[in-house]
Undergrad: 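Have a look at this one before I ask anything.
Position 1 is the first residue of the sequence; numbering continues from there. Remember, predicted model here, so these are calculated numbers, not experimental data.
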Amino acid sequence: MSLKLPVSSVVALLGPAPVRSAVCGALDEGSARCADGHGGLGVVRLTAPAHEPLADRLARVDGVDAAVVLVQRFTDGLPAAQRRTLLGALRALAGHGATVLVDDVDPVAALAVADTALRAHADGRVELEPLPDVAALLA
């Protein structure tokens, strides 16, 4: 699977849960390349067991130093407020230049921190979708 994702951004993965899981499983950490196709990029995949405390997960986010971060069900087992805190911490990674792809049990919470969305369809298609400018909608 070949995806071109925006740099310095959080991308929420949308679609049916089994399809999102299949997309994440198909992504190969060793094949990430820069936009011109040259050179490999550092990739980190963040997952967590449901019993892992929020503080440990936040510490792992703080320790990430990679160009691409695949966040796969990282908030599983956390209550809603803690999920939002953890997802919010991903913004800092994008602020430091990383491309952060997020598959979360709560896609609405992931959208709240996302710059764009990647929609995965049951037929295997994936398409990048811009998100509306919330500030413009509220003005």
Side-chain angles (χ1 to χ4, degrees):
M1 172 184 314
S2 177
L3 297 175
K4 291 185 180 183
L5 300 174
V7 175
S8 299
S9 65
V10 176
V11 180
L13 183 58
L14 304 178
V19 177
R20 294 191 327 259
S21 180
V23 167
C24 284
L27 297 174
D28 174 19
E29 291 96 326
S31 66
R33 300 281 179 259
C34 61
D36 62 8
H38 299 97
L41 298 175
V43 179
V44 170
R45 187 180 298 259
L46 293 175
T47 61
H51 66 274
E52 185 174 49
L54 174 63
D56 292 351
R57 298 178 204 208
L58 287 169
R60 285 203 284 137
V61 169
D62 287 342
V64 168
D65 182 23
V68 179
V69 183
L70 305 174
V71 182
Q72 190 170 1
R73 304 289 301 258
F74 195 46
T75 67
D76 281 10
L78 296 175
Q82 290 184 3
R83 281 197 313 265
R84 287 190 301 271
T85 297
L86 187 55
L87 290 169
L90 300 174
R91 293 282 336 139
L93 297 176
H96 290 105
T99 298
V100 183
L101 179 64
V102 181
D103 172 25
D104 195 77
V105 67
D106 184 353
V108 174
L111 280 170
V113 300
D115 300 299
T116 191
L118 183 68
R119 185 168 304 277
H121 299 274
D123 64 5
R125 290 179 300 122
V126 291
E127 52 193 348
L128 205 55
E129 298 179 354
L131 297 178
D133 180 359
V134 175
L137 291 174
L138 297 175

Undergrad: Can L5 and L118 be said to form a side chain to side chain contact (heavy atoms under 4.5 Å, CB included), step by step?
TA: CA-CA 9 Å; L5 300 174; L118 183 68; 4.2 Å; yes
Undergrad: Is the NE2 atom of H121 crowded by more than 12 outside heavy atoms at less than 6.0 Å?
TA: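 Counting other residues, nucleotides and ligands, NE2 of H121 exceeds 12 neighbours.
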Undergrad: CG of D56 to NE2 of H51: how many Å apart, nearest 0.5 Å?
TA: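 So the CG of D56 and the NE2 of H51 are separated by 9.0 Å.
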Undergrad: Let me see the working for L54 and L78 under side chain to side chain contact (heavy atoms under 4.5 Å, CB included), right down to the final yes or no.
TA: CA-CA 7 Å; L54 174 63; L78 296 175; 4.2 Å; yes
Undergrad: To the nearest 0.5 Å, what is the distance between CG on L90 and OG on S9?
TA: 12.0 Å
Undergrad: If you take all heavy atoms of S21 and D103, which pair is closest and at what distance?
TA: N-OD2, 4.1 Å
Undergrad: Show the nearest heavy-atom pair for residues A122 and V19, with the distance to one decimal.
TA: CA-CG2, 3.8 Å
Undergrad: Taking the side chain as everything from C-beta on, heavy atoms only, tell me whether L46 gets closer than 4.5 Å to V44.
TA: yes
Undergrad: Hey, is the main chain of P107 close enough, under 3.5 Å, to the side chain of D104 for a donor-acceptor pair?
TA: no
Undergrad: Out of curiosity, does V71 fall in the hydrophobic cluster containing V64 (side-chain heavy atoms, cut-off under 4.5 Å, transitive links)?
TA: yes
Undergrad: Which value, rounded to the nearest 0.5 Å, describes the distance between T99 atom OG1 and L93 atom CG?
TA: 11.0 Å
Undergrad: Look at atom CG of D65 and say whether more than 12 heavy atoms of other residues, nucleotides or ligands are closer to it than 6.0 Å.
TA: no
Undergrad: Hydrophobic clustering (ILVMFWY, side-chain heavy atoms < 4.5 Å, transitive) - are V61 and V105 grouped together?
TA: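 V105 does not cluster with V61.
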Undergrad: Side-chain contact, heavy-atom cut-off 4.5 Å: L101 with L13?
TA: yes
Undergrad: Kindly list each side-chain donor-acceptor pair under 3.5 angstrom involving residues 110-117, sequence neighbours excluded, with atom names and distances?
TA:
residue	atom	partner	partner atom	Å
D115	OD1	R91	NH1	3.3
D115	OD1	R91	NH2	3.4
D115	OD2	V10	N	2.8
D115	OD2	R91	NH1	2.9
T116	OG1	E129	O	2.7

Undergrad: Please enumerate all residues that pass salt bridge (charged side-chain N to carboxylate O under 4.0 Å, His left out) together with R84, with sequence neighbours excluded.
TA: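 Result, salt bridge (charged side-chain N to carboxylate O under 4.0 Å, His left out) vs R84: none returned.
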Undergrad: Quick one: list whatever passes side chain to side chain contact (heavy atoms under 4.5 Å, CB included) with A48, sequence neighbours left out.
TA: E52, R57, R60, F74
Undergrad: Test your reading of the model: is there a side-chain donor-acceptor pair from T47 to the backbone of Q72, 3.5 Å cut-off?
TA: no
Undergrad: If I take atom CZ from residue R45 and atom SG from residue C24, how far apart are they, to the nearest 0.5 angstrom?
TA: 6.5 Å
Undergrad: Check the pair V23 / V126 against side chain to side chain contact (heavy atoms under 4.5 Å, CB included), numbers first and verdict last.
TA: CA-CA 9 Å; V23 167; V126 291; 4.2 Å; yes
Undergrad: Locate the shortest heavy-atom distance separating A98 from V69; write the atom from each residue and the value.
TA: CB-CG2, 4.3 Å
Undergrad: Spell out, as yes or no, whether a donor-acceptor pair under 3.5 Å connects the side chain of R20 to the backbone of G15.
TA: yes
Undergrad: According to a 4.5 Å side-chain heavy-atom criterion applied to Ile, Leu, Val, Met, Phe, Trp and Tyr, with indirect links allowed, do V102 and V7 form part of one hydrophobic cluster?
TA: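 No, separate clusters.
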